[in-house]
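Below: the structure, in structure tokens.
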Amino acid sequence: MKKSHPLRRIVLATAATVSGIVLLLSLKPTTDPNAAQAAGAIPQQTAGAQESAQGGAAAAGSGTVTGRVAQTQYGPVQVRLTMSGGKVTKAEAVQAPSGGTSTQKTELAVPKLNQEAVAAQSADIDAVSGATYTSAGYKQSLQSALDQAKAAGGSATGSSTGGGSGNGNGGGKASAPAAQARTVSGSVAQTQYGPVQVRITVSGGKITKAEAVQAPSGGTSSQKTALAVPKLNQEAVAAGSADIDAVSGATYTSTGYKQSLQSALDQVGG
């Protein structure tokens with residue numbers, strides 16, 4: 001067959017076309033579904049790791065809790081706590097008395113109360129001189145916030161080691177549940193000037209904290225309550241029983257306090 005024969009040119013052209021198609025197919029990128037999934041797995045694993053880290057932080061007892069609003073003679077007080085690892089790392093008053101001299105007292109008292117709350121890791125803090133009502137309301141709301149943190153598994157008060165079974169002075173069997181702090185409220189005692197109710201925290205069979213969640217208020221009653229209740233609280237913890245002395249000038253409040261305190265002790269076997 002001659003080189004210039006038309007049929008030869010057709011055959012050569014066809015062969016060249018086939019070769020070109022084969023070459024193009026060999027260069028086309030491969031779309032492997034498995035490869036595409038593998039490429040998208042990295043951000044999914046990263047998100048999963050972030051969620052795992054967040055879950056670990058929650059399990060460690062972290063976050064914020066806000067106590068109930070405590071009504072005082074000069075205005076409401078409400079405390080918010082920031083928890084980390086079961087401990088109070090920050091305390092702040094989201095509500096506090098304001099207006100006139102109340103604003104000045106709040107500005108002086110609240111920072112001190114915040115510091116004491118973090119240092120004490122409990123509501124067992126001293127009242128700030130000159131801001132008795134604000135201090136009392138702060139402690140009430142602080143205790144409420146601590147109770148919420150404890151219920152959520154992020155107790156800021158910690159737990160005691162050893163101790164009794166919680167019956168009387170701790171002479172029972174030592175066990176982990178008995179060493180954990182327990183909070184109970186006594187029955188309301190009605191007095192001539194208003195109701196009195198005591199709440200105590202017991203750990204290892206001993207009173208570690210006492211507070212009046214209800215007490216006479218209004219007029220001179222508020223002043224007497226502000227003077228008497230802190231003393232009664234201290235005596236209850238020191239005595240470990242309701243056998244405490246009445247505060248002079250606040251006989252009715254003292255009597256009601258002792259009645260409610262005994263009721264609370266009865267509930268824990270004290």
Please tabulate, for the side chains in residues 90-101, all donor-acceptor contacts under 3.5 angstrom to protein atoms that are two or more places apart in sequence or on a different chain.
residue	atom	partner	partner atom	Å
Glu92	OE2	Arg80	NE	3.1
Glu92	OE2	Arg80	NH2	3.2
Gln95	NE2	Gln78	OE1	2.9

Any donor-acceptor N/O pair, [X] side chain to [Y] backbone, under 3.5 Å:
X      : Y      : result
Gln197 : Ser185 : no
Lys150 : Ala181 : yes
Lys139 : Asp124 : no
Thr132 : Ala226 : no
Ser260 : Ala189 : no
Ser254 : Val247 : yes

Review point. Just how far is it from atom OH of Tyr133 to atom CD of Gln223, taken to the nearest 0.5 Å?
Key: 5.0 Å

Exercise for review: Starting at CD of Gln121, measure out to CG of Leu146 and round the result to the nearest 0.5 Å.
Suggested key: 8.5 Å

**Study point:** Joint cluster assignment, Tyr138 & Val69, ILVMFWY side-chain distance < 4.5 Å
**Key:** no

Exercise for review: Given side chain to side chain contact (heavy atoms under 4.5 Å, CB included), test Lys224 with Leu227 step by step and report yes or no.
Suggested key: CA-CA 5 Å; Lys224 292 182 178 180; Leu227 292 174; 5.9 Å; no

Practice item. With side chain to side chain contact (heavy atoms under 4.5 Å, CB included) as the test, would you mind laying out the steps for Leu261 and Ile244 before giving the verdict? Key: CA-CA 10 Å; Leu261 173 59; Ile244 58 178; 4.2 Å; yes

**Study point:** Qualifying residue for side chain to side chain contact (heavy atoms under 4.5 Å, CB included) with Thr82, from Val88, Val118, Val65, Thr64
**Key:** Thr64

